[in-house]
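Inspection log for the structure reproduced underneath, given as structure tokens.
The structure displayed is predicted, hence computed values, not measured ones. Just so we're on the same page: letters track the sequence lines, and every chain starts at 1.
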Amino acid sequence: NPQKPNQSREEKKRKTKSARRRKMALPLDLESLTEALSGNLGMGVDENALISKLGKSHKDHRKLFRKASKSFFVEDEERAFEKCHDHFVRHLKLEFSRFNNAVVMWAMHPWERDARLVKKALKKGEEAYNLIVEVSCTRSAEDLLGARKAYHSLFDQSMEEDIASHVHGPHRKLLVGLVSAYRYEGNKVKDDSAKSEAKFLAEAVASSGDEVVEKDEVVRILTTRSKLHLQHVYNHFNDIKGSDLLGGVSHSSLLNEALICLLKPAVYFSKILDASLNKDADKTTKKWLTRVLVTRADHSDEIKDIKEEYNNLYGETLAQRIQDKIKGNYRDFLLTLLSKSD
Amino acid sequence: MATLKVSDSVPHPSEDAEQLRTAFEGWGTNEDLIISILAHRSAEQRKQIRQAYHETYGEDLLKTLDKELSNDFERAILLWTLEPAERDALLTNEATKRWTSSNQVLMEVACTRTSTQLLHARQAYHARYKKSLEEDVAHHTTGEFRKLLVPLVTSFRYEGDEVNMTLAKQEAKLIHEKIKDKHYTDEDVIRILSTRSKAQINATFNRYQDDHGEEILKSLEEGDDDDKFLALLRSTIQCLTRPELYFVDVLRSAINKTGTDEGALTRIVTTRAEIDLKVIGEEYQRRNSIPLEKAITKDTRGDYEKMLVALLGEDDA
């Protein structure tokens, strides 16, 4: 068909505009938009998708989206509008803040990061004390010391006094001891001491008397010996007992965690990373992802070990898992941190 | 205040090193020369002299001193020449190898040093002994002594002046209740003494005195004389609140013992000469009606005496 030669420029413009509108007038895809908002149990928000889809959307299509999205909105039939579920607003706030929190944490000095982690854990209470174990057992002696210095500066008190006054029972001695340690980091080990301590641990674990964590000697060994010495103890224990010291020898999860953090930090980190990436992870657990990657990214040896261990344990790469599960800037930031060690 | 006397202009460290070398040459040793140099140099200066000596003669000055000198004088020179952090590492390491009087040394180092000084001692300990101070202390102490000493040596106290008066009141009350029932090894008593800042502890015990009409140390006199743990607890509190009085007590019993306890005497003089030996001396005189220097010269002799007197700032150099 020949073109109409007398079409005015304005007419042409009008036609292209409505053609454009019709093009944009594709309804919002419920599935992909929900995905972009991490409504399907992912993490973070896909900023680009939100800009290109939601940002450019027509209000009618947004209405359709609200009507269709039962997880985020609820229809108020009496008044004929779709209102947000309370949790939608909270959910968005949380998902949008993941990138923010990661960046803030990343910019902070490692000492301040760790001091604030410990403080937060104390405020939260018993269920968060595993963070104190993590910080005190996986950092180097100098880094732990630095965290204690930062604690002075930030909170006008010592880390150990704060922990000691908030924690009661047998865990007090364990936690105070763990954060107070300034472990030797050289390569000299007294193997006979390690052997006799392994023997003691084996007996402590087997006996049905006091809980393992309540035994002073056990706490002494864990809170004062160098990590290399503890490796020797570990090997001797496994020989003596024929079972793994890391198999959960105590009813105290904090003690078990201390052991794995001190002896096999890569395994520990891999496990909690995986837990955080699990679709059933709760709000708190999901935050572990940021914490682990941000606090470990500067230590390329450790990140390498973690990646390797993760792959061994779960048969896929951590990067792939993150790629699949996480969205937007948050995802890109994490992947960047992860690739620093390459 | 320090008693150490250092003149405004001192020779270059390599000159000092050379002079010290001559002190070892020939028969015997020129102890006077050694004292005239080392007892009048600051810690930083002594460090430089050691370095210069090592560079020039290929030997550690301390090893040479060890070869040439003996007994109390040597011990005094050795302790004095070491850097404070190394000195504390040495003292605490020795203390883990001996018996009960050594618990006192561990407590003394842990409680009378600043947080930074204690930290440096722990670092020097790693370097020198290839293990941590706390693992040795934990391994070599038991029971209630371990419960107190390990937290003390691992403390990294806040050093600010801020004090929480409500907390001071609570903790003074808590301590009073435990002490009343003679629960000296109570967890919370130990927790307070081993984690709170010195300012906070002072506030707590001032509050204690206000509320109960007597000083904490007086309250603790009610216990058993033979209770060694109680004695250590009292010394701990004294070190944290009035260290100069603690040192006066130790000096007095060191000097008055039949046969002086040179170990304690040497330790106190060499570790405090650059810190607060002056104040300690003044307090000593106040309580014993005799100047510290006089008490020392009455009980010691020879080069050992000369060294101590020099560190007291009382020699003519």
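- Your options are Glu197(A), Arg172(A), His168(A), and the one with the most heavy-atom pairs under 4.5 Å with chain B is Arg172(A).
- Looking at Glu187(B), the atoms closer than 4.5 Å to chain A (heavy atoms on both sides) sit in the backbone and in the side chain alike.
- Proximity to chain B (any heavy atom under 4.5 Å) is shown, for Lys149(A), by both the backbone and the side chain.
- Between Arg183(A) and Glu135(B), the closest side-chain pair of non-hydrogen atoms is not below 4.5 Å.
- Counting heavy atoms of neighbouring residues, nucleotides and ligands inside a 6.0 Å radius, atom NZ of Lys119(A) exceeds 12 of them.
- His152(A) and Phe156(B) make their closest contact through NE2-O, 2.7 Å (heavy atoms, listed as atom of the first residue, atom of the second, distance).
- In this structure, the side chains of Gln123(B) and Leu145(A) come closer than 4.5 Å at one or more pairs of heavy atoms.
- Annotation: side chain of Ser165(A) is in contact with side chain of Arg196(B) (closest heavy-atom distance under 4.5 Å).
- For a residue to count as touching a neighbouring chain, one of its non-hydrogen atoms must lie under 4.5 Å from one of that chain's; by this rule Asn164(B) does not touch chain A.
- Between Tyr182(A) and His126(B), the angle of the ring planes stays under 30°, which puts this pair in the parallel group of the 30/60° scheme.
- Ranking Leu133(B), Asp188(B), Val150(B) against chain A, the residue ahead of the rest is Asp188(B), based on heavy-atom pairs under 4.5 Å.
- The environment of Lys271(A) atom NZ is sparse: at most 12 non-hydrogen atoms of other residues, nucleotides or ligands sit within 6.0 angstrom.
- At a threshold of 4.0 Å, the pair Arg146(B)-Glu217(A) counts as salt-bridged, since one of the basic side-chain nitrogens sits closer than that to a carboxylate oxygen.
- No other option in Ala181(A), Gly186(A), Gly177(A) has as many heavy-atom pairs under 4.5 Å with chain B as Ala181(A).
- Atom CG of Asp156(A) has more than 12 heavy atoms from other residues, nucleotides or ligands within 6.0 Å.
- Each of Lys188(A), Glu160(A), Gln157(A) has some count of heavy-atom pairs under 4.5 Å with chain B, and the biggest count is that of Glu160(A).
- Closest non-hydrogen pair, Ala138(B) versus Thr224(A), comes out as CB-CG2, 3.9 Å.
- Contact annotation for Glu162(B): only side-chain heavy atoms (C-beta onward) come within less than 4.5 Å of a heavy atom of chain A.
- Scanning both residues, His139(B) and Arg220(A), for their nearest heavy atoms gives ND1-NH1, 3.7 Å.
- Around the CD atom of Glu185(A), the shell of radius 6.0 Å holds more than 12 heavy atoms that belong to other residues, nucleotides or ligands.
- Remark: the backbone N or O of Arg157(B) is not paired with any side-chain donor or acceptor of Glu161(A) at under 3.5 angstrom.
- The parts of Arg225(A) that come within reach of chain B are both its backbone and its side chain, each placing non-hydrogen atoms under 4.5 angstrom from that chain.
- For a residue to count as touching a neighbouring chain, one of its non-hydrogen atoms must lie under 4.5 Å from one of that chain's; by this rule Thr142(B) does not touch chain A.
- In terms of heavy atoms, Thr195(B) sits closest to Ala164(A) at CG2-CB, 4.2 Å.
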